[in-house]
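A short worksheet on the structure shown next.
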2 protein chains.
Amino acid sequence: MATLADVARRAGVSPATASRVINGSSKPVADELRERVLRAVADLRYVPNAHAQLLARPQRSVVGVVVHDVSDPYFAEVTRGLQRVATERGRLLIICNSYRDPVRELEYVELLRGQQVAAIVLAGSGYHDAAFTTLLNEKLAAYEATGGRVAVIGRHDHFGDAVMPANATGGELIGRELLRLGHRRVGVVAGPRVLTTITDRLTGLRRALAEQGVELPDQRIRYADFDRDGGARATAELLDTSPAPTAIVALNDSMAVGALALLRARGVRVPEDVSVLGFDDMPIAADVTPTLTTVRLPLVEMGVRAMALALDPTSGSPRVETLPAELVRRDSTGPAPA
Amino acid sequence: MATLADVARRAGVSPATASRVINGSSKPVADELRERVLRAVADLRYVPNAHAQLLARPQRSVVGVVVHDVSDPYFAEVTRGLQRVATERGRLLIICNSYRDPVRELEYVELLRGQQVAAIVLAGSGYHDAAFTTLLNEKLAAYEATGGRVAVIGRHDHFGDAVMPANATGGELIGRELLRLGHRRVGVVAGPRVLTTITDRLTGLRRALAEQGVELPDQRIRYADFDRDGGARATAELLDTSPAPTAIVALNDSMAVGALALLRARGVRVPEDVSVLGFDDMPIAADVTPTLTTVRLPLVEMGVRAMALALDPTSGSPRVETLPAELVRRDSTGPAPA
DNA sequence: CGCTCCCAGGAAAGCGCTTGCCTGGCGCGA
DNA sequence: TCGCGCCAGGCAAGCGCTTTCCTGGGAGCG
């Protein structure tokens, strides 16, 4: 690897001059020397060692993002928003997947801290685990104490800046819609029990139903993996309870798609026999059959806001932005069968 | 930010000793000192400055990935494969989105080079642009000259290690299937013209059709954005040609989904009136209605192989692995209408 | 009791870069 | 002609860490 010294030698100047030319320093340099340095850079295919640069001039221009799983459409959308803002502001993004493993999440935070990133964005639900939360908060606090910025998306973990989707409200929207359609036996396909997002959505749903005296007994809630297959499996279990629910609420769209697939396989008509609702309004929701009634979350916008929070110098106390949820009615829901 | 020196001071030892304790160096250190250092680390919440470490002991443990767009399911799957292997081997992954912009791609390669990453993986089609290709190759060559490893997925750009999906073969599979079903008027929803992947798939398709004397005139090929909406738009155009095609081949599944949506909106029955085929076999392909006939590419496997290539010390000449394509018959295709 | 050997721990160099400070040479004015 | 000021360019320190090399002291042996 060519170093600055190599360039300087080849151009017949001092490293200081070479550095100034390369960085476009304000200090003037004679055209001829500049020319020579530039040529040397090109000849040697010199690329500055970012580590050395960052050591000498600690300026943080990289932003780290820790995500549950970018392959998940939910995070794909959020990440798109994060990227957009980061790019606009000339920041490089480092994306890390924790795969919903709190330990790995912690490790990544540590790692990003070591990389001296300008900001850390944590995207994705928090966990019901006090010990973990404490640990995470300590690490984040230590990082912020050194001037790093932290923003979280969709988790209560952290006391600092946050962007929160209205999960509970979304749950309520679903509950009201269900009541409006006359459903009183509701089955829930929930995601992993440990995620706070699940609890929030469930709480909202339960609250809305309770207003009309409809209960949500435990055996009608099935916890499953947050993906298509998990949704299918949980739905199968719900169908086998008796009396079977007339509506199935999946707490994200991937699981809802799984539910739809299973119902089709079993010859159950949607929405005539059973209504199905999702959550998130992922792009696929409009392309499955029947199209999926769901709660829209402004995913890209969440990413945009979070990155803005992370990049803008903090103006005052922790800022929490709550983004609205909105019911999107499509063809997978209908009146409860008589 | 606490530094090693701070830790050493607090523990009453030299930085050298502190460093040895922290890195678990083989050099023995008295238990008491070790103890003191560890406590100081904890008290100070010390995290080593990765840049300084990397400067002092240039060891490359990070792998950089430049991808067209992680939000695209195709790349989401590939990335999953990359991640898996990287994680197994204890490597951190830095994911960068070029958003199909060759210039940004170049910038990211440069940037990763500066970050002294152990390897760079380029995922995604190359471009029909000789100048760009030359530039890219130069940069990659310079990087490899310094001991970096490069692997590419699905592009002919580079002369080094590569994982190639059988794009042309996939095109042929589609062509043969079409002929088998009696289609002779075939419309193609192609992606961006500049991508080599598109050309490859098209070439295979054309070759297969030509074997039975079926032509693919230019006006039956529509270039569009590589996403759902692009697919819908291109399909609309194809429908308006006359005579309209009896089969529509979308060169990726996202566009195929768009095609399906548009056909439904126009009241065209699939597959009775028009057959639709996709490419890639993304997860959604089995969940749309009708389920999508497509060509399966082993996306995750491609990521796995590429990361293996990138991480394993090169054994001999450039290794190119071609992964097979496979036709997946589903409900969106049927015999050509009479 | 004195010597050597060995080992724990510290001093210091150096990784590649930036930048404050200094120097030497030039141009200008008196 | 001499002296001053100014500015381009170089010197060197220092960013935080690792690691080689060295030192001093204790243990073991004669």
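Throughout, a chain's letter reflects where its sequence line sits, starting with A, and its residues are numbered from 1. Because the structure is predicted, anything quoted here is derived from the model rather than measured.
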(message) Can you measure B/Leu54 atom CG to C/dG16 atom C1' for me and round it to whole angstrom units?
(response) 12 Å
(message) For a quick test of reading the model: is some side-chain N or O of B/Ser14 closer than 4.0 Å to OP1 or OP2 of C/dA11?
(response) no
(request) Using a cut-off of strictly less than 4.0 Å, decide whether A/Asn23 has a side-chain nitrogen or oxygen near OP1 or OP2 of C/dT18. (result) yes
(message) Pairing donors with acceptors under 3.5 angstrom, does anything connect the side chains of B/Thr196 and B/Asp200?
(response) no
(message) Between P on D/dG14 and CG on B/Leu55, what's the gap in Å once rounded to a whole number?
(response) 17 Å
(request) Report the nucleotide, chosen from D/dG9, D/dC22, D/dG16, that has the shortest atom-to-atom distance to any side-chain atom of B/Lys27. (result) D/dC22
(message) Does D/dG16 have its OP1 or OP2 closer than 4.0 Å to a side-chain nitrogen or oxygen of B/Thr3?
(response) no
(request) Return no unless some side-chain N or O of A/Arg20 is found under 4.0 Å from OP1 or OP2 of D/dG9. (result) no
(message) Looking at A/His156 and A/Gly126, would you say the former's side chain and the latter's main chain have a donor-acceptor pair under 3.5 Å?
(response) no
(request) Grab the CZ-P distance between A/Arg36 and D/dA8 for me, whole Å please. (result) 16 Å
(request) Let me know which of B/Val63, B/Leu93, B/Val65 forms a side-chain contact (heavy atoms from CB on, under 4.5 Å) with B/Gln83. (result) B/Leu93
(request) Using whole Å, report how far CZ of A/Arg9 lies from C1' of D/dG10. (result) 16 Å
(request) Hey, which sits more toward the 5' end of DNA chain C by its nearest nucleotide, A/Pro48 or B/Pro15? (result) B/Pro15
(message) Could you tell me how far apart B/Gln116 (CD) and C/dC15 (C1') are, to the nearest whole angstrom?
(response) 11 Å
(request) Report which part of the nucleic acid A/Ala16 touches: base, sugar-phosphate, or nothing (heavy-atom distance under 4.0 Å, all strands). (result) base
(request) Measure from CG on B/Leu4 to P on D/dG14 and round the result to the nearest Å. (result) 18 Å
(message) Looking at every heavy atom in both A/Ile120 and A/Leu112, which two are closest together, and how far apart are they?
(response) CD1-CB, 4.0 Å
(message) From CZ of B/Arg57 over to C1' of D/dG16, roughly how many Å is that when rounded to an integer?
(response) 13 Å
(message) Just the rounded figure in Å: distance from C1' of D/dT18 to OH of B/Tyr46.
(response) 11 Å
(message) So, does B/Gln53 get its side chain near the phosphate of D/dG16, meaning an N or O under 4.0 Å from OP1 or OP2?
(response) no
(request) Carefully, step by step, assess B/Arg34 and B/Val37 under the rule side-chain contact (heavy atoms from CB on, under 4.5 Å). (result) CA-CA 5 Å; B/Arg34 152 166 296 112; B/Val37 170; 5.8 Å; no
(message) On DNA chain D, compare the nucleotides closest to B/His51 and B/Thr17; which residue's is nearer the 5' end?
(response) B/His51
